[in-house]
Amino acid sequence: MDPRFPPIEPFESGMLDVGDGQQIYWEACGNPNGKPAIYLHGGPGSGFSEGQRRFFDPEVYRAVLFDQRGAGRSRPLASEPNYDLSVNTTQHLLADIEALRELHGTDRWTIVGLSWGVTLALAYAEAYPEHVEALVLGLVTNTTHREVEWITEGVARIFPQEWERFANFVPESLRHLPLVEAYARLTTDPDPEVCAAAAREWCLWEDTHVSLVPRYEPNPRYDDPEFRLRFARIVTHYWSHGAFLEEGQLLRDAPKLNGIPGVLIHGRYDVSSPMEVPWRLSQHWTSSDLQILDNAGHGGDGLLEAIVGALNRFGAR
């Protein structure tokens, strides 16, 4: 049984001009006078889905969801020719979140983030702790160079056959580079056929290393060539730069969150982001609660229940 609330439509939506030629799609759902909350999607570059509106009790929360730069209904899309990735960094996204907070007249809000959205949520909360009421973070990542090296090269020990295909796609001229940097170049190659082929291989690898989720089925979003290119370009851009953060910054600055309640939800069998990441974070952020899902990977059994349950508890505070 799906633990989320029934499907809901936004009561308000718009496009926010954030400069740099970028327009951000946002929408607000639930109770117009409810507790402010914001959802930060994964990827980076995936955009949010309608199902993620359903995390929030519509009688309790005024939830804002938005598509990050280059993704979803924001414009321009990162899949477009000559898209300027230089104006798509973590620092730009933090400024966008602040612009949305000011647009909606919110002083403090509850932040929900999944996967890459956890990295972004932590970066925002550590920069603006005075604007954070609580954090609900699932599939915990910090997007350090160490984590990126694991997810693009270290995981070869678990999926050797699939990784050989992933690595061997890179032409000899780029094999001196870390794989993520090679793919970042390939997905922005002047030849659109090279971009498309590299995006297909990248997304095939993405679908491989998350596959330890029980009863996992290939993600149909990767069937769309536009999505593949947009997603692969943004992911490799962020990952090759270590999320535009100092190495270890989020863990180092986690004590800034002490006093802010939070839940870290993570699957025991998450190969993409090993349990070490949320565990270390929980040791530095003492007002957080680490919730381990023993039958889950990077998603799977218990994740939705844990997210909705945490939001319900914070909503009742």
Between [X] and [Y], what is the shortest heavy-atom contact and its length?
X: Ala167; Y: Leu179; value: CA-CD2, 3.9 Å
X: Pro76; Y: Gly21; value: CD-O, 3.3 Å
X: Val155; Y: Val271; value: CG1-CG1, 3.9 Å
X: Arg175; Y: Asn168; value: NH2-O, 2.9 Å
X: Phe169; Y: Leu186; value: CE2-CD1, 3.9 Å
X: Cys195; Y: Arg233; value: SG-NH2, 3.6 Å

So does [X] pair up with [Y], basic N to acidic O under 4.0 Å?
X: Glu226; Y: Arg221; value: no
X: Arg54; Y: Asp2; value: yes
X: Glu246; Y: Arg252; value: yes
X: Arg53; Y: Glu9; value: yes
X: Arg62; Y: Glu12; value: yes

[X] side-chain N/O to [Y] backbone N/O, donor-acceptor pair under 3.5 Å:
X: Asp253; Y: Glu126; result: no
X: Arg157; Y: Gly154; result: yes
X: Arg75; Y: Gly72; result: yes

If we count only N and O atoms by modelled type, under 3.5 Å, do the side chains of [X] and [Y] hold a donor and an acceptor together?
X: Gln23; Y: Tyr25; value: no
X: Thr141; Y: Ser273; value: no
X: Asn258; Y: Ser287; value: no

Nearest-0.5 Å distance that lies between atom [atom1] in [X] and atom [atom2] in [Y]:
X: Asp270; Y: Leu293; atom1: CG; atom2: CG; result: 10.0 Å
X: Leu229; Y: Cys203; atom1: CG; atom2: SG; result: 9.0 Å
X: Leu100; Y: Trp26; atom1: CG; atom2: CH2; result: 8.0 Å

Assess whether side-chain contact (heavy atoms from CB on, under 4.5 Å) is satisfied between Phe66 and His41, documenting all intermediate values. CA-CA 8 Å; Phe66 77 104; His41 67 67; over 6 Å; no
Does the side-chain contact (heavy atoms from CB on, under 4.5 Å) test come out yes or no for Ile97 and Leu120, once each step is laid out? CA-CA 10 Å; Ile97 297 169; Leu120 184 57; 4.1 Å; yes
Could you go through Arg185 and Glu181, starting from their C-alpha distance and side-chain angles, then the distance that decides it, and tell me whether this counts as salt bridge (Lys or Arg N to Asp or Glu O under 4.0 Å)? CA-CA 6 Å; Arg185 294 195 188 186; Glu181 292 185 25; 5.4 Å; no
Listed by chain and number, what are the ring-ring contact (aromatic ring centres under 6.0 Å, His included) partners of [X], not counting sequence neighbours?
X: His284; answer: none
X: Phe244; answer: His237, Tyr238, His241
X: Phe231; answer: Tyr222, Phe227
X: His145; answer: none

State which residues pass side-chain hydrogen bond (donor to acceptor under 3.5 Å, both in side chains) with [X]; sequence neighbours excluded, sorted by chain then number.
X: Asp224; value: none
X: Thr110; value: none
X: Trp239; value: none
X: Asp67; value: none

Before we go on, tell me: are the rings of Phe166 and Tyr183 under 6.0 Å apart, centre to centre?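 Aromatic pair counts; centres sit under 6.0 Å.
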What about Trp163 and His209, are their ring centers closer than 6.0 Å?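 No, the ring of Trp163 stays outside the 6.0 Å limit from the ring of His209, centre to centre.
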For Val87, what residues pass the side-chain contact (heavy atoms from CB on, under 4.5 Å) criterion, not counting sequence neighbours?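 Testing Val87 for side-chain contact (heavy atoms from CB on, under 4.5 Å), a comparison that skips the adjacent residues, returns Asp20, Gln22, Arg69, Asp84, His92.
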Holding to side-chain contact (heavy atoms from CB on, under 4.5 Å), I want the full list of residues that pass it with Glu98, two or more places apart in sequence or in another chain. Arg101, Glu102, Tyr124, Tyr128, His131
Determine, using the 4.5 Å side-chain heavy-atom cutoff (strictly less than), whether Val263 and Val60 are members of one ILVMFWY cluster. yes
Assess the residue pair Val235 and Trp202 against the criterion (side-chain contact (heavy atoms from CB on, under 4.5 Å)); give the C-alpha distance rounded to whole Å, side-chain angles, the decisive distance to 0.1 Å, and a yes or no. CA-CA 10 Å; Val235 171; Trp202 179 269; 3.6 Å; yes
Go through the steps to decide whether Tyr61 and Phe55 satisfy the test side-chain contact (heavy atoms from CB on, under 4.5 Å), and finish with yes or no. CA-CA 10 Å; Tyr61 284 102; Phe55 292 155; over 6 Å; no
With sequence neighbours excluded, residues passing salt bridge (charged side-chain N to carboxylate O under 4.0 Å, His left out) with Glu201: Arg165
If you link I, L, V, M, F, W and Y whenever their side-chain heavy atoms are under 4.5 Å apart, who else ends up in the same group as Leu85? Tyr83
Any side-chain heavy-atom pair from Leu93 and Thr89 closer than 4.5 angstrom? no
